[in-house]
*Asks:* 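Below is one structure. I have some questions about it.
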Amino acid sequence: MALNQPHDPLERATRALRDAREPGWIELSAAVMSRVKAVVTPAARILTSPGDAEQDGPRNDDGSRTWVSARVLTAALRRTLRSQHYAPSAIRLELDDDRLTAVNIDLVCAYDTDLQANGHEVRSRTRQVLNELLGPHQAGSIEITVADVVLGNPNLV
Amino acid sequence: MDLAPPDPAEPASDQALLRAARLGDSAAFAVLVERHGPAMYRYAVRLLGNPQDAAEATQAAFVSAWKSHTYRGEAALRTWLFRLVSRRAADLQRKRRPIPMHEDLIAALAPPAPDNPLQDALDHELLAALRLALAELPWHQRACWLLREIDGMSYDEIATVLGLTPGSVRGHLHRGRRTLAERMVRWR
């Protein structure tokens with residue numbers, strides 16, 4: 001028996017229980033992420049538009065059009081709109097009849113950064129993503145709200 | 001993968017990870033799973049006395065956390081996650097027939113660590129005795145004791161996890177500790 005072990009049996013057993021591990025976590029963590037990734041949330045579809053400003057989106061000879069899932073657009077914006085000065089906390093897409101009419105982004109910004117400059121940069125990057133995924137003639141507003149300010153990098157704090 | 005490889009010197013906070021996860025970043029959520037999951041699973045195993053049920057409760061809690069947008073930061077994320085697993089565990093407990101905890105089953109849950117020279121056979125039996133005594137406590141006494149003694153939560157945090165008042169938590173802890181002390185006294 002080690003000299004630093006408590007004499008009280010409950011205290012000793014409690015310490016042992018605190019240190020004891022329960023087997024099976026590695027397999028369980030993989031199962032958790034499988035179930036999480038299998039969760040399917042409904043996502044709206046957004047009509048894309050071609051470079052020649054045709055109103056009804058790109059059509060091939062069969063008259064078909066192209067849509068992009070709102071989930072795809074949100075993921076692209078999430079990946080793009082990160083810097084040491086800001087991170088998105090919410091991205092809301094407004095649609096009217098499958099057409100994107102507005103993008104509303106809540107930001108968490110780093111303390112002592114230029115909030116206006118952050119907003120301009122986010123707006124510019126958002127427009128770039130919209131152009132790449134949906135085509136260059138996407139109408140609608142891009143509204144930025146600074147929802148919170150934190151000390152340090154908002155992607156870490 | 002959205003997140004850059006984690007820098008051990010500067011891991012992202014729970015808040016930053018949850019913020020990204022709420023926007024669909026499963027890599028960020030995976031970090032939260034690894035950070036809090038082992039303690040949640042350990043708690044569920046000792047609360048339910050059944051690793052399969054504990055795994056189900058833990059999985060259900062994380063799926064609920066992934067889908068939910070109800071967390072507003074009133075309590076620490078860890079507290080909220082423990083609340084989710086406690087609820088799932090309570091649901092399972094209500095639905096399933098209680099399984100008696102046999103001493104050899106309890107002993108199998110905590111085999112002696114071969115690389116720990118301090119843990120001899122006596123410690124192993126002491127631990128098994130505590131597990132058996134815990135399994136015989138009423139649900140809330142066992143839950144309060146585990147959250148306080150093993151997970152180091154405050155009375156307020158335990159109250160949030162279990163949906164009790166801090167006063168009730170104190171009462172359950174007092175009765176649970178007294179019962180466990182009486183059960184363990186023969187080991188003096």
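Chain letters run A, B, ... following the sequence lines, proteins first and then strands; every chain starts at 1. Note that the structure is predicted; figures quoted are calculated from it, not measured.
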*Asks:* Provide the full list of ring pair (Phe, Tyr, Trp, His ring centres under 6.0 Å) pairs with a residue in residues 70-122 of chain A, sequence neighbours left out, each pair given once.
*Replies:*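 Found none.
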*Asks:* Picking from Ile150(B), Leu134(B), Thr58(B), which has the most non-hydrogen pairs under 4.5 angstrom with chain A?
*Replies:* Ile150(B)
*Asks:* Is the shortest distance from a Lys or Arg side-chain nitrogen in Glu143(A) or Arg92(A) to a carboxylate oxygen in the other one below 4.0 Å?
*Replies:* no
*Asks:* Are there residues of residues 65-90 of chain B that reach to under 4.5 Å of chain A by heavy atoms, and which ones?
*Replies:* Trp66(B), Lys67(B)
*Asks:* Below 4.5 Å, heavy-atom pairs only: which of Thr74(A), Leu77(A), Asp19(A), Val108(A) has the largest tally toward chain B?
*Replies:*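 Most pairs with chain B among the choices: Val108(A).
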*Asks:* Does this structure show an ion pair linking Arg42(B) with Asp151(B), if we count only N-O contacts that are shorter than 4.0 Å?
*Replies:*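 Salt bridge flag = yes for Asp151(B) with Arg42(B).
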*Asks:* Which heavy atom of Asp106(A) sits nearest a heavy atom of Ala147(A), and at what distance?
*Replies:*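 Minimum heavy-atom contact is CB-CB, 4.1 Å.
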*Asks:* Take Asp91(B) and Arg94(B), measure what salt bridge (Lys or Arg N to Asp or Glu O under 4.0 Å) needs, and give me the verdict at the end.
*Replies:* CA-CA 5 Å; Asp91(B) 290 343; Arg94(B) 273 192 292 273; 2.5 Å; yes
*Asks:* Top residue by heavy-atom pair count (under 4.5 Å) with chain B, among Arg35(A), Met33(A), Arg71(A)?
*Replies:*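 The option with the most such pairs is Arg35(A).
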*Asks:* Is any NZ, NE, NH1 or NH2 atom of the basic residue among Asp25(B) and Arg19(B) found under 4.0 Å from an Asp or Glu carboxylate oxygen of the other?
*Replies:* no
*Asks:* Which atoms of Thr41(A) come close to chain B, meaning under 4.5 Å heavy atom to heavy atom: side chain ones, backbone ones, both, or neither?
*Replies:*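 For Thr41(A), neither part sits under 4.5 Å from chain B.
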*Asks:* If you round to the nearest 0.5 Å, how far is CG of Asp97(A) from CG of Leu47(A)?
*Replies:* 9.0 Å
*Asks:* Output every pair passing ring pair (Phe, Tyr, Trp, His ring centres under 6.0 Å) with a member in residues 135-165 of chain B, not counting sequence neighbours, ordered by first then second residue.
*Replies:* His140(B)-His172(B)
*Asks:* Between Arg78(A) (side chain) and Leu23(B) (backbone), is there a donor-acceptor pair under 3.5 Å?
*Replies:* yes
*Asks:* Would Glu22(A) and Arg131(B) count as a salt bridge (Lys or Arg N to Asp or Glu O under 4.0 Å) here? Give the steps.
*Replies:* CA-CA 13 Å; Glu22(A) 303 297 344; Arg131(B) 286 184 183 268; 3.0 Å; yes
*Asks:* Are any of the side-chain nitrogens in Glu136(B) or Arg142(B) under 4.0 Å away from the carboxylate oxygens of its partner?
*Replies:* no
*Asks:* Which residues in residues 174-182 of chain B have a heavy atom less than 4.5 Å from any heavy atom of chain A?
*Replies:* Arg177(B), Leu180(B), Ala181(B)
*Asks:* Which of the residues Ala60(B), Ala55(B), Gly37(B) is involved in the greatest number of heavy-atom pairs with chain A at under 4.5 angstrom?
*Replies:*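 Highest number of pairs under 4.5 Å: Gly37(B).
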*Asks:* Identify which part of Leu18(B) has an atom lying under 4.5 Å from any heavy atom of chain A, answering side chain, backbone, both or neither.
*Replies:* neither
*Asks:* With chain B, which of Ala87(A), Pro88(A), Gly24(A) has the greatest number of heavy-atom pairs at distances under 4.5 Å?
*Replies:*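 Ranked by heavy-atom pairs under 4.5 Å with chain B, first place is Pro88(A).
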*Asks:* Report the option among Ile91(A), Thr14(A), Asp8(A) that has the most heavy-atom pairs separated by less than 4.5 Å from atoms of chain B.
*Replies:* Thr14(A)
*Asks:* Report the distance from atom CG of Leu100(A) to atom CG of Leu73(A), rounding to the nearest 0.5 Å.
*Replies:* 6.5 Å
*Asks:* Which atoms of Ala90(A) come close to chain B, meaning under 4.5 Å heavy atom to heavy atom: side chain ones, backbone ones, both, or neither?
*Replies:* backbone
*Asks:* For a side chain to side chain contact (heavy atoms under 4.5 Å, CB included) with Val129(A), tell me which candidate from Asn131(A), Leu133(A), Thr126(A) qualifies.
*Replies:* Leu133(A)
*Asks:* Which distance, rounded to the nearest 0.5 Å, do you find between the CG of Asp112(A) and the CG of Leu151(A)?
*Replies:*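 Going from the CG atom of Asp112(A) to the CG atom of Leu151(A) covers 9.5 Å.
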